[in-house]
Amino acid sequence: MGGIVVIGAGQAGSSLVAKLRGLGYEGALTLIGDEPVPPYQRPPLSKKYLLGDMALDRLFLRTEAYYADNNITLRTDAKVTRIDPATKQVFLGDEAIGYEQLALTTGSEPRRLPAAIGGDLDGVFGVRRLSDIDAMAPYFTEGKRLLVVGGGYIGLEAAAVAALKGLKVTLIEAAPRILGRVASPETADDMRKLHASHGVDIREGTGLARLTGEGHVDGAELADGTHLDVDFAIVGIGIIPGAELAEEAGLVIENGIRTDDYGRTSDASIWAAGDCASLEYRGNRIRLESVQNAIDQAEAVAANMMGAEKPYVPMPWFWSDQYDMKLQIAGLNTGYDRIVTRDTGGARSHWYYKGDTFLAVDAMNDPRGYMVGKRLLEMAKSPDPAAIADPATELKALLKA
């Protein structure tokens, strides 16, 4: 068949094929996904969709007609079992599809609890796929007892939806505090207070010994000896990059599928983008697990597959909706040694610095702080911390300083 094949029909895969057609690529183009539905948005799954505020058809990134109209072969409910770089073929069982170039947008999967401690019991859910949310939705009824394992953004967002729907929610985090890997103690304090005000019981420094139940989860034994009665559990303990196919094909794996500045893997005919791909950023090899990166990196890879030879330079930003709080994050806080807090009454933000260098901002119901912080990062400007901390400072003026 030849042409370009894209494995992984999520945000990155959908963005990549759309960009290829937008740039004028006219060859054969195949997008393969292992779910039975067209590519869809993941962030609303655990928020608006689970709350019932978003219909299924609004989740889809594009209509099925879009792919047909643009001569994109969309293969849903199709699992790629093997890649053969030597013959440039991907295999779906016994079926082989040839390619001239291949893009891997295989995303990531949630870490599961080991079966030995109850991870395979019915009523234990991850938060990643549409099928996960559809399976857990019947449990979201008032009065049900939910245990959330993991105090990262996924766990906190699930806890927020459950609390809004009247469930009794306990969240445990084995580390000393929630958001330990991704946010400052100050941001964690704000989020903890927010959840406590909605009745969520957050227990930090508390690990899970095991889930209990015969077939279906009915309780949890915590590392401190406490027993909790639960009706179901949601596990948010991190994600694993979808690198298995790439590794089996002999590609270099380093914190995901290793890519160069252009999105190429160790095989010149194979590219990668999105959650599965690692890239160099400020001297470190990182993966950016965000919708924004999935789109931007995929579009950059599409251009480079067409010969642009333009390095991808990420400008990271993220968001999390919890209750009436919109947390917006610009930049990466890795290596910070100082936090500057800005509080103007209704809006609050935490600004990360390493020495005098501005790295990132966490803005809570503070869209102005977020937008100015993001713009400063794009301009490589480091604002005076004293000016940031002063609520009288007009932030926009810092862009001209």
Side-chain angles (χ1 to χ4, degrees), residues 1 3-17 30-35 39 42 75-115 119-120 126-129 132 154 181 235-281 283-290 293-294 297-298 300-302 304-305 312 314:
M1 183 175 181
I4 293 176
V5 173
V6 180
I7 303 175
Q11 183 77 67
S14 179
S15 298
L16 199 153
V17 296
T30 304
L31 176 62
I32 305 172
D34 62 2
E35 295 186 73
R42 294 194 191 276
R75 298 283 301 270
T76 58
D77 209 12
K79 184 174 177 58
V80 175
T81 53
R82 181 166 64 93
I83 300 168
D84 185 347
T87 62
K88 292 191 174 182
Q89 295 181 98
V90 301
F91 290 85
L92 291 76
D94 294 332
E95 179 187 359
I97 301 175
Y99 65 83
E100 294 168 8
Q101 296 189 84
L102 174 66
L104 301 176
T105 54
T106 43
S108 56
E109 290 295 329
R111 294 185 182 277
R112 296 178 57 86
L113 292 175
D120 288 347
V127 181
R128 196 65 183 168
R129 295 177 173 235
D132 296 328
I154 289 293
R181 293 189 307 108
V235 179
I237 53 174
I239 62 175
I240 302 169
E244 185 176 356
L245 277 173
E247 186 170 14
E248 291 173 352
L251 302 183
V252 173
I253 306 299
E254 185 181 354
N255 185 25
I257 305 169
R258 183 187 175 100
T259 64
D260 64 13
D261 291 344
Y262 306 96
R264 290 189 192 90
T265 70
S266 53
D267 183 309
S269 298
I270 304 178
W271 309 72
D275 286 6
C276 67
S278 70
L279 68 156
E280 286 286 334
Y281 182 78
N284 297 307
R285 180 152 290 274
I286 65 169
R287 286 183 306 105
L288 289 171
E289 301 161 1
S290 74
N293 179 70
Q297 190 177 22
V301 164
N304 288 329
M305 293 176 89
Y312 172 59

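Nearest heavy-atom pair across Ser108 and Pro241 is CB-CA, 4.1 Å. Ile32 and Ala78 get closest at one heavy-atom pair: CG2-O, 3.7 Å. What you find for Gln89 and Tyr99 is that their closest heavy atoms are N-CE2, 3.3 Å. Between Gly242 and Ile257, the shortest heavy-atom distance links the atoms O-CD1, 4.1 Å. Closest of all the heavy-atom pairs between Ala115 and Asp120 is CB-OD2, 3.2 Å. Heavy atoms only, all atoms of each residue included: Arg129 and Arg42 are closest at CA-NH1, 3.8 Å.
Atom CD1 in Ile270 sits 6.0 Å away from atom CD1 in Ile83 (nearest 0.5 Å). Note: Glu280 CD to Ile286 CD1 = 9.0 Å, rounded to the nearest 0.5 Å. Within the model, atoms CD1 of Ile253 and OG of Ser266 stand 7.5 Å from one another, a figure rounded to the nearest 0.5 Å. One finds the OG atom of Ser269 at 9.0 Å from the CE atom of Met305 (value rounded to the nearest 0.5 Å). One distance of note links CD of Glu109 with CD1 of Ile239; it measures 9.0 Å at 0.5 Å rounding. In this structure, CG in Leu31 is found 11.0 Å from CZ in Arg75, a value given to the nearest 0.5 Å.
For Glu244, the CD atom sits in a loose shell: 12 or fewer heavy atoms of surrounding residues, nucleotides or ligands are nearer than 6.0 Å.
A distance-only check finds no donor-acceptor pair linking the side chain of Thr105 to the backbone of Ala273 [under 3.5 Å]. For Thr81 (side chain) and Phe91 (main-chain N/O), a donor-acceptor pair under 3.5 Å exists by modelled atom type. Between the side chain of Asp260 and the backbone N or O of Tyr262 there is at least one donor-acceptor pair closer than 3.5 Å.
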Apply the test salt bridge (charged side-chain N to carboxylate O under 4.0 Å, His left out) to residues Lys88 and Asp267: give CA-CA distance (whole Å), side-chain angles for both, the deciding distance (0.1 Å), then the verdict. CA-CA 11 Å; Lys88 292 191 174 182; Asp267 183 309; over 6 Å; no
Let's go through Val80 and Val5 carefully: what are the C-alpha distance in whole Å and the side-chain angles of both, what is the deciding distance for side-chain contact (heavy atoms from CB on, under 4.5 Å) to 0.1 Å, and is it a yes or a no?
CA-CA 11 Å; Val80 175; Val5 173; over 6 Å; no
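Gln297 is not listed as a side-chain neighbour of Ser15, based on a closest heavy-atom distance of 4.5 Å or more. No side-chain heavy atom of Ile154 sits less than 4.5 Å from a side-chain heavy atom of Pro110. In this structure, Val90 and Thr30 have side chains that are not in contact, with every pair of non-hydrogen atoms separated by 4.5 Å or more.
Side-chain contact annotation: Asn255 with Ser278, donor-acceptor N/O pair under 3.5 Å absent.
Considering Thr259, Asn304, Asp261, Asn293 in turn, Asn293 is the only one that fulfils the side-chain hydrogen bond (donor to acceptor under 3.5 Å, both in side chains) rule with Tyr312.
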